[in-house]
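Structure first, commentary second.
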2 protein chains.
Amino acid sequence: MIDLMKIIIADDHALFRDGLHVLLQALGQVQVVEARNRREIEAHLKHGDVFDLLLLDLDMPGIANSDGVKRICESAPQTAVIVISGNDAGYVVKACMDAGAMGFISKSSGSKVMLAAIQMVLAGERYVSSGYFDKSSEHALDHSSTATSISPRQQQIWQMLIDGKSNKEISIALSLSESTVKQHISALFRKLGVHSRTQAIQKAHLEKM
Amino acid sequence: MIDLMKIIIADDHALFRDGLHVLLQALGQVQVVEARNRREIEAHLKHGDVFDLLLLDLDMPGIANSDGVKRICESAPQTAVIVISGNDAGYVVKACMDAGAMGFISKSSGSKVMLAAIQMVLAGERYVSSGYFDKSSEHALDHSSTATSISPRQQQIWQMLIDGKSNKEISIALSLSESTVKQHISALFRKLGVHSRTQAIQKAHLEKM
DNA sequence: AACCATATAGTACAAAAGTACTAGCTATAA
DNA sequence: TTATAGCTAGTACTTTTGTACTATATGGTT
C-alpha cells in the first residue's frame with residue numbers, strides 16, 4: 001500500500017469513469033488511466049507498463065461476456081482484474097471468476113464496499129459481492145436439485161439471442177443445423193425457467209432488480 | 001449560485017450515485033440526497049422540502065420510460081429534472097424532453113459536460129446532450145422522409161416486449177385484441193427497421209454503442 | 001462398466017409471431 | 001376538405017419458434 005499503484009478503469013460511460021477516478025484517490029498513491037473499450041485496454045497493457053489492477057465493466061463494448069474477461073486475464077496475468085457489472089446474477093459471477101477475475105463487484109455496491117474490495121484484491125485475496133451468495137442461496141431453494149449451470153455453448157447462443165439473431169442466423173453463424181440450435185435453446189430455457197427468447201433476454205439483462 | 005442548492009440523485013447503482021455525489025461538490029454549497037427507486041424519489045419530494053434539481057436515471061426501477069419522467073415532473077413542478085441515460089437515441093431524448101425534463105445527459109458524457117449542464121439548467125435553460133443532434137442529423141440522412149416518431153401506444157407495447165411479454169399477454173394486459181397488438185408491433189417494427197421482437201429489444205437496450 | 005451432461009442432428013407437431021390486407025373511428029395538419 | 005396518422009379489429013396466410021421425441025458420439029464421474 002506504500003508504493004505507487006497503477007490502475008486501469010475500463011468503462012464506456014465517462015461519468016462512471018470519473019466517479020471511480022475520484023473514489024480511487026482515497027487509496028492514496030495511485031496512477032489511474034482510463035479505457036473506453038477493449039482496444040484501449042489492450043493498448044495500455046501492451047504498452048509495456050505493468051498494471052496492478054484493472055477495473056473492468058462487463059457491459060462494455062468488446063467484452064459483453066466472460067469470454068472477453070478470459071481474454072483480458074490471460075493477456076495480462078500480472079494484473080489483477082475486478083469485474084464490475086450491473087448484472088450480478090449467479091451464473092454471470094461464476095463465469096467471470098472462472099474466467100480468471102480476482103473480484104466481482106455489483107454496480108449496486110457502495111463506494112465503501114468498492115474500496116474494501118480493491119484493497120482485498122490488491123492484498124492477493126479474491127473478492128465477490130456478497131449479493132452473490134444471497135442470490136445463490138435463494139437459487140438453491142428455487143431450483144433445489146436442478147442447480148445446473150449454463151454450458152459454454154448455451155451461453156454463446158444466449159448472447160446471440162440477446163443480439164436479436166434468429167435460429168437460422170445462429171445456425172449459419174455457428175455452422176450448425178437449425179435443429180441443433182433449437183435443442184440448445186430449449187435446454188437453456190429449461191435452465192432459466194422461461195418459455196420464450198424474449199424472456200431469456202430479459203433474464204440476461206435484469207436479474208439486477 | 002450563492003445559496004444552498006438541494007439536489008436529489010436518483011439511480012439504482014450505488015457506485016454511480018457516489019460518483020455523482022463527489023462530482024457535485026464542485027458546484028459549491030449543495031445538499032444532496034439519494035434515491036434508489038421511484039418510491040424514494042416521491043418520498044423526498046412529498047416530505048415538504050423543495051428541491052432545486054433532480055438527477056434522474058432513466059434505467060431505474062419504476063421509471064423505465066418517459067411516462068415515469070412525466071409523472072415525476074408533474075408531481076414536482078418546482079424541481080428541475082435532468083434525465084441521465086445510457087440510451088441517448090433520438091426518440092428517447094425527445095420523449096423525455098416532451099415529458100417535461102429540463103435536461104438530458106448521456107452516460108457517455110464527461111464530468112465537465114455534466115457540471116456545465118447542471119449549471120445551465122439551474123440558470124433556467126434547457127440542456128440536451130450534443131450527441132443527440134449528431135445522431136438526429138445522421139438519422140435524418142438515414143430515414144430521409146421517414147422521420148417518424150414512436151407513438152405512446154407503440155412505446156408502451158415496446159416496453160412490454162422488453163419485459164418478455166407475449167402478444168397474448170399484452171392483449172390481455174391492455175384489454176385489446178391480439179390482432180390490434182400485432183398491428184402496433186408491426187408498425188413499431190417498420191419504424192425501427194427490424195423484423196423481430198428480439199431485434200426491437202436490442203434496439204431499445206443498445207443504441208448507445 | 002454404467003451413468004450423465006454435452007453436442008450434434010433428425011422428424012413431427014403445435015403454438016406463436018409476423019405480414020398483408022380491409023375497415024371504421026378519431027384527431028390533427030395542410 | 002382532404003389528407004395523414006393513430007387506435008381499434010378482423011381475416012388469411014407464411015414463417016418462425018418452441019417442444020417432444022429418437023439417436024449417435026464424446027468426455028467425465030462414480
Side-chain angles (χ1 to χ4, degrees), chain A residues 65-67 90-91 94-95 98 143-204, chain B residues 65-67 90-91 94-95 98 143-204:
Chain A
N65 53 40
S66 57
D67 285 352
Y91 44 84
K94 189 177 184 312
D98 288 350
H143 293 227
S144 53
S145 60
T146 327
T148 41
S149 62
I150 281 91
S151 78
R153 202 48 149 180
Q154 285 156 10
Q155 281 190 45
Q156 182 181 26
I157 289 179
W158 196 5
Q159 184 57 50
M160 298 179 84
L161 294 184
I162 295 163
D163 291 340
K165 305 296 181 197
S166 69
N167 292 348
K168 187 171 287 181
E169 286 173 316
I170 294 172
S171 73
I172 292 170
L174 301 181
S175 298
L176 295 175
S177 75
E178 213 174 318
S179 152
T180 302
V181 173
K182 283 185 176 183
Q183 192 282 326
H184 285 304
I185 288 176
S186 282
L188 173 66
F189 286 2
R190 234 173 294 131
K191 289 179 182 174
L192 295 177
V194 302
H195 294 279
S196 76
R197 54 221 288 118
T198 56
Q199 287 174 346
I201 292 169
Q202 195 208 8
K203 277 254 173 187
Chain B
N65 53 41
S66 56
D67 285 352
Y91 44 84
K94 189 177 183 313
D98 288 350
H143 293 226
S144 54
S145 60
T146 327
T148 40
S149 62
I150 281 88
S151 76
R153 201 51 149 178
Q154 286 157 9
Q155 282 190 44
Q156 184 181 26
I157 290 179
W158 197 4
Q159 184 57 50
M160 298 179 85
L161 294 185
I162 296 164
D163 291 339
K165 305 296 180 198
S166 69
N167 292 347
K168 187 172 287 179
E169 286 174 317
I170 295 172
S171 73
I172 292 169
L174 301 181
S175 298
L176 296 175
S177 75
E178 213 172 319
S179 152
T180 301
V181 173
K182 284 185 176 183
Q183 193 282 326
H184 285 304
I185 289 177
S186 284
L188 173 66
F189 287 1
R190 235 174 291 131
K191 289 179 183 174
L192 295 177
V194 302
H195 295 278
S196 76
R197 53 219 290 116
T198 55
Q199 288 173 347
I201 292 168
Q202 195 208 10
K203 278 255 172 184

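By convention in this document, chain letters (A, B, ...) are assigned in the order of the sequence lines, proteins followed by strands, and residues within each chain are numbered from 1.
Out of D/dT17, C/dA17, D/dC7, the shortest distance to the side chain of A/S166 is found at D/dT17. Taking only side-chain atoms of B/S177, from C-beta outward, the nucleotide of C/dT8, D/dA9, C/dG18 with the closest atom is D/dA9. Side chain of A/T180, nearest nucleotide from D/dT17, D/dT16, C/dT8: C/dT8. Which of D/dT17, C/dA17, C/dG18 sits closest to the side chain of A/R197 comes down to D/dT17. Distances were taken from every side-chain heavy atom of B/L176 (C-beta onward) to each of D/dT8, C/dA7, D/dT19; the shortest belongs to D/dT8. Proximity note for B/K168 (side chain, C-beta onward) versus D/dG10, C/dA16, C/dG18: the nearest is C/dA16.
Annotation: the terminal axes of the helix from C/dA1-D/dT30 to C/dA30-D/dT1 meet at 40°, where each axis is the rotation carrying the C1' atoms of four end pairs onto the next four (5 pairs per end, rounded to 10°).
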Protein and nucleotides 26-28 of chain C: nitrogen or oxygen contacts under 3.5 angstrom:
none

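In this structure, B/F189 atom CZ and C/dT19 atom C1' are separated by 11 Å, rounded to whole Å. What separates CZ of B/R153 from P of D/dC7 is a distance of 7 Å, to the nearest Å. The distance between atom CD of A/Q183 and atom P of C/dA12, rounded to the nearest whole Å, is 19 Å.
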Counting only pairs under 3.5 Å, give me each side-chain donor-acceptor contact of residues 180-189 of chain A, with atom names and distances, residues two or more places apart or in other chains.
| residue | atom | partner | partner atom | Å |
| --- | --- | --- | --- | --- |
| A/T180 | OG1 | A/S177 | OG | 2.9 |
| A/S186 | OG | A/K182 | O | 3.3 |

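Side-chain contact check for B/N167 versus B/R197: some heavy-atom pair is nearer than 4.5 Å. Using a 4.5 Å heavy-atom cutoff, the side chains of B/Q202 and B/T198 are not in contact.
Among the heavy atoms of the strands lying under 4.0 Å from B/H195 are primed sugar atoms or P, OP1, OP2 only; no base atom is included. Here A/S179 lies in heavy-atom contact (under 4.0 Å) with a base. Across all strands shown, B/E178 has no heavy atoms under 4.0 Å from either base or sugar-phosphate atoms.
Judged by closest nucleotide on DNA chain D, B/K182 is the one of A/K165 and B/K182 placed further toward the 5' end.
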